[in-house]
Amino acid sequence: EEEEEELPSCNDVLLHETIQDRCHHAQNCEGEYIMTALLPLAFCKEDYDDQPSENVFHYHHPILLALSPILFPLAVFLMTLLLFRLLGSTAENYFSPALEMISSEFNIPPALAGVTLLALGNGAPDVSAVVNAIKMNASEGIPLSLGELTGGGMFVQTVVVGRIVFLGSSIDDDGDKKVLGVKCREELIRDITMYAISAGYVLWVCSRGVIFYRHVVAMLLLYLTYVVIVVVYEVRRYYSKSEEYVVEGDIIENNTVEEAGEQQLLGLIHTKGPSFDEEDQTVELSSSYRQVSSSEDLSARKTSKQPDPPGIKQSARVLRVIQKQVRRRRQKMLEKRKSLNVDDEKKDPQDQPSSAQQLLDEDTEGGHRLFQLFSDSLRELYHHFYSTLVRDIWLNGQLSRFEWFCMSLESPFIIMRKLVTPIPCQAEYNRSMVAYSIAFSPVWIFFYLSIKMDDFDPFCTTGAENGADSCFPSVGWPCCISFAIGCAVIKYAPKEDGSILPLRFSLPLALFGFLIAATWIDVISDQLVNVLEFIGVLLRIPAPIMGMTVLAWGNSVGDYTTNGILAQKGLVDMSMAACFAGPSFNLLVGLGCGLLTQKESLLSNDGLMISLGPSVRKGFIFLMCNCAVTVFIGIWNKAVIPKMHGYIFWAIYFTYMAMSAQDLTM
């Protein structure tokens with residue numbers, strides 16, 4: 001009976017008044033590993049007679065007691081900073097490449113990819129944090145998630161939008177007068193309206209105090225409707241402009257019929273509307289099939305009246321997808337020509353060596369060749385890590401001191417992630433890195449399973465043999481298979497000389513790496529939520545306030561930097577749309593998937609009880625009001641948001657923060 005007695009929650013430690021009771025509660029509470037490990041460090045600062053000495057000895061060393069007021073907050077800060085960095089870099093460098101490959105290989109239009117695959121890749125940190133927070137503790141996780149979604153949305157569509165308005169404003173001739181501002185086209189109005197509708201629906205559902213399964217399904221269907229609207233719009237735009245591109249594609253000079261067909265293939269498939277010229281900064285397919293500089297294309301972009309597709313959290317991905325689509329088509333055509341030349345050469349057997357001679361050469365080499373391949377792979381691996389860590393981080397004088405410190409702090413995890421996450425995509429391709437990551441990937445997979453399954457030990461699986469218990473590692477057989485696949489990659493895969501794996505091999509490997517990166521994001525976001533929960537308990541900060549400040553700011557730093565850079569490069573429409581299309585995905589899909597983890601409560605007759613705090617309610621109201629203000633400003637100024645209205649967006653955010661801060665004093 002004593003073993004079945006439930007331990008008190010770690011979040012209730014401050015309900016005790018005396019230090020002794022708080023220390024006892026911290027050492028005997030139920031919670032995640034970080035919570036149970038850090039609470040005793042925070043609340044057990046003196047030895048008490050009723051406490052076992054083995055539980056408190058390492059907490060009360062005289063040196064640790066003297067330095068704890070400095071070291072403990074510093075360690076918590078560095079841990080929080082590291083987890084935020086790991087969450088963003090994992091999604092950026094390991095999770096999204098597979099989605100980029102799918103978008104480029106299957107020729108998904110940028111507008112559609114921006115609200116589906118690429119939104120998933122860039123919204124992975126936010127969605128994962130929301131899902132893990134609700135899954136661990138619904139009563140605390142839902143307010144924290146709603147605070148993060150509203151606080152992050154307000155930060156992006158006010159502070160980031162205000163910065164874009166200042167950086168991206170340009171002077172355009174409008175009759176006899178000049179207008180200083182950014183464009184507010186119909187695509188942007190569509191995204192803003194969708195975000196306002198999403199926020200209004202979630203506010204209505206949460207205000208009822210109870211959520212049922214049908215409400216969560218409606219969230220997901222609402223976002224699906226948004227995707228369908230984008231698809232319909234892109235189809236209409238494609239057919240309205242197709243005749244123009246067909247006419248331009250027919251004007252090809254000094255080319256054979258086959259070359260003309262290839263140019264039309266590149267020109268028509270990848271220019272499914274005016275979004276191609278708006279997206280591609282490096283390649284311009286014209287009648288002469290020429291390369292143009294980025295500055296020339298950028299100047300042409302500024303004078304173009306064609307709209308940008310809806311953006312995402314890091315909208316530069318859309319540019320890379322377009323460029324990869326063009327390069328992939330060109331590479332396929334070159335491979336086709338090479339194959340034709342090879343067939344012609346095979347017709348003349350004079351220069352071809354005999355098969356007997358080839359077999360003799362292979363037999364003479366024998367094990368020496370295998371040893372040489374293995375040593376070459378280790379050399380490639382060493383040069384890759386040397387370039388990644390030493391040159392790009394430790395000896396990189398172009399990094400700021402803060403960025404250098406953060407990346408140095410992240411270096412051990414860079415090694416671990418690379419060694420278990422295959423990335424066969426073109427930009428990140430390295431033969432040895434792909435081979436060794438495949439070989440070591442089962443170790444991480446079984447470690448992840450051991451975290452999620454309490455009774456699972458990957459290194460010792462017990463079984464009965466001859467009446468006695470035996471212990472054998474279950475990870476052994478998968479490692480044998482993965483090492484065999486890794487050896488095959490080292491032997492047969494192309495080296496890092498511009499060539500990549502064939503699509504039939506690279507795409508499954510990319511999806512496999514995508515799944516492993518998803519497990520990394522799940523683990524990192526899980527620990528990040530635990531640290532933020534600990535900080536909230538320690539400082540007595542309500543969960544919604546923690547969500548709308550620390551968690552929202554941490555996940556929105558990328559938007560502030562990347563969207564600002566895009567605005568400086570002239571991609572104002574894309575960066576503006578990124579501030580509204582991406583948060584819609586996080587709000588509907590992220591919150592919907594998080595609530596689905598409480599499916600049992602959602603399907604019950606009573607439903608899932610939810611309490612909407614005043615700060616969260618204010619956040620939803622401010623979100624909808626800011627969307628209305630943005631649309632009104634754009635319509636009132638004839639599809640232009642003037643530069644001076646950037647101050648209005650900043651004023652709205654500071655007003656929102658001031659009104660929400662009142663909850664701390666109440």
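Sequence positions, counted from 1, serve as the residue numbers for this chain.
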Self-check item: Nearest heavy atoms of L511 and A98, plus distance in Å
Solution: N-CB, 4.4 Å
Self-check item: CG-CZ distance between L507 and R504, expressed to the nearest 0.5 angstrom
Solution: 12.5 Å
Self-check item: For R417, all residues meeting side-chain hydrogen bond (donor to acceptor under 3.5 Å, both in side chains), sequence neighbours excluded
Solution: S89, T90, E410
Self-check item: Shortest non-hydrogen contact from V131 toward G594
Solution: CG2-N, 3.7 Å
Quiz item: Can any side-chain N or O of S411 pair as donor or acceptor with the backbone N or O of S408 at less than 3.5 Å?
Solution: yes
Quiz item: Is W404 close to L395 at the side-chain level, that is, under 4.5 Å between some pair of heavy atoms?
Solution: no
Self-check item: Check: L144 and V130 side chains under 4.5 Å, non-hydrogen atoms
Solution: no
Quiz item: Are L78 and L82 close enough that some pair of their side-chain heavy atoms sits under 4.5 Å apart?
Solution: no
Exercise. Establish, yes or no, whether a centroid distance under 6.0 Å links the rings of Y226 and Y223.
Key: yes
Quiz item: Are a donor atom and an acceptor atom from the side chains of D522 and S128 found within less than 3.5 Å of each other?
Solution: no
Quiz prompt | S437 vs L419, side chain to side chain contact (heavy atoms under 4.5 Å, CB included): CA-CA, chis, key distance, verdict | solution = CA-CA 4 Å; S437 61; L419 285 177; 5.9 Å; no
Distance-only check: which donor-acceptor pairs under 3.5 Å involve side-chain atoms of residues 477-492, not counting sequence neighbours?
{"from": "S482", "atom 1": "OG", "to": "A439", "atom 2": "O", "distance (Å)": "2.8"}
{"from": "S482", "atom 1": "OG", "to": "P478", "atom 2": "O", "distance (Å)": "3.2"}
{"from": "S482", "atom 1": "OG", "to": "C479", "atom 2": "O", "distance (Å)": "2.9"}

Quiz item: Between V434 and I423, is any pair of side-chain heavy atoms under 4.5 Å apart?
Solution: no
Quiz item: Relative to the ring of W520, is the ring of W444 parallel (under 30°), tilted (30 to 60°) or perpendicular (over 60°)?
Solution: parallel
Exercise. May I ask you to decide if A133's main-chain N or O and N137's side chain share a donor-acceptor pair within less than 3.5 Å?
Key: no
Quiz item: Rounded to the nearest 0.5 Å, how far apart are CD1 of I451 and OH of Y448?
Solution: 8.5 Å
Quiz item: Is the closest side-chain heavy-atom distance between T519 and I445 below 4.5 Å?
Solution: no
Quiz item: Where do F385 and I415 come nearest, in terms of heavy atoms and distance?
Solution: CE2-CA, 3.9 Å
Practice problem: Could you tell me whether the side chain of L149 reaches within less than 4.5 Å of the side chain of N586, counting heavy atoms only? | Solution: yes
Quiz item: Where the side chain of T388 meets the backbone of H384, is there a donor-acceptor pair that is under 3.5 Å apart?
Solution: yes
Practice problem: Grab the two heavy atoms, one from I134 and one from S145, that are nearest each other, plus how far apart they are. | Solution: CG1-OG, 3.6 Å
Exercise. Could you tell me whether a side-chain N or O of Y429 sits under 3.5 Å from a main-chain N or O of P494, the two making a donor and an acceptor?
Key: yes
Self-check item: Inter-residue atom distance I393.CD1 - N396.CG, 0.5 Å rounding
Solution: 8.5 Å
Quiz item: Of all heavy-atom pairs between F84 and G554, which one has the smallest distance, and what is that distance?
Solution: CE2-CA, 3.6 Å
Quiz item: Atom CD1 in I414, atom CG in D392: separation rounded to 0.5 Å?
Solution: 9.5 Å
Exercise. Just do the side chain to side chain contact (heavy atoms under 4.5 Å, CB included) check on F402 and L81 with the steps written out, would you?
Key: CA-CA 11 Å; F402 177 76; L81 176 63; 4.2 Å; yes
Quiz item: Given side chains that start at C-beta, do those of M136 and V529 come closer than 4.5 Å, heavy atoms only?
Solution: yes
Practice problem: In sequence, state the C-alpha distance, the side-chain angles, and the governing distance for V216 and L596, and then conclude on side chain to side chain contact (heavy atoms under 4.5 Å, CB included). | Solution: CA-CA 7 Å; V216 180; L596 286 178; 3.7 Å; yes
Practice problem: Might you point out which heavy atoms bring F413 and L86 nearest each other, and give the distance in Å? | Solution: CB-CD2, 3.5 Å
Practice problem: Starting at NE2 of H383, measure out to CZ of R391 and round the result to the nearest 0.5 Å. | Solution: 8.5 Å
Self-check item: Sidechain N-carboxylate O distance under 4.0 Å for E403, R85
Solution: yes
Quiz item: Is T421 reaching over with its side chain to a backbone N or O of K418, donor-acceptor style, under 3.5 angstrom?
Solution: no
Exercise. Could you please spell out the steps behind the side chain to side chain contact (heavy atoms under 4.5 Å, CB included) verdict for L551 and D126?
Key: CA-CA 9 Å; L551 188 58; D126 306 84; over 6 Å; no
Quiz item: Who are the side-chain hydrogen bond (donor to acceptor under 3.5 Å, both in side chains) partners of S432, not counting sequence neighbours?
Solution: E380
Self-check item: Heavy-atom side-chain contact between C593 and V589 under 4.5 Å
Solution: yes
Quiz item: When rounded to the nearest 0.5 angstrom, what distance separates CG in L381 from CG in N430?
Solution: 7.5 Å
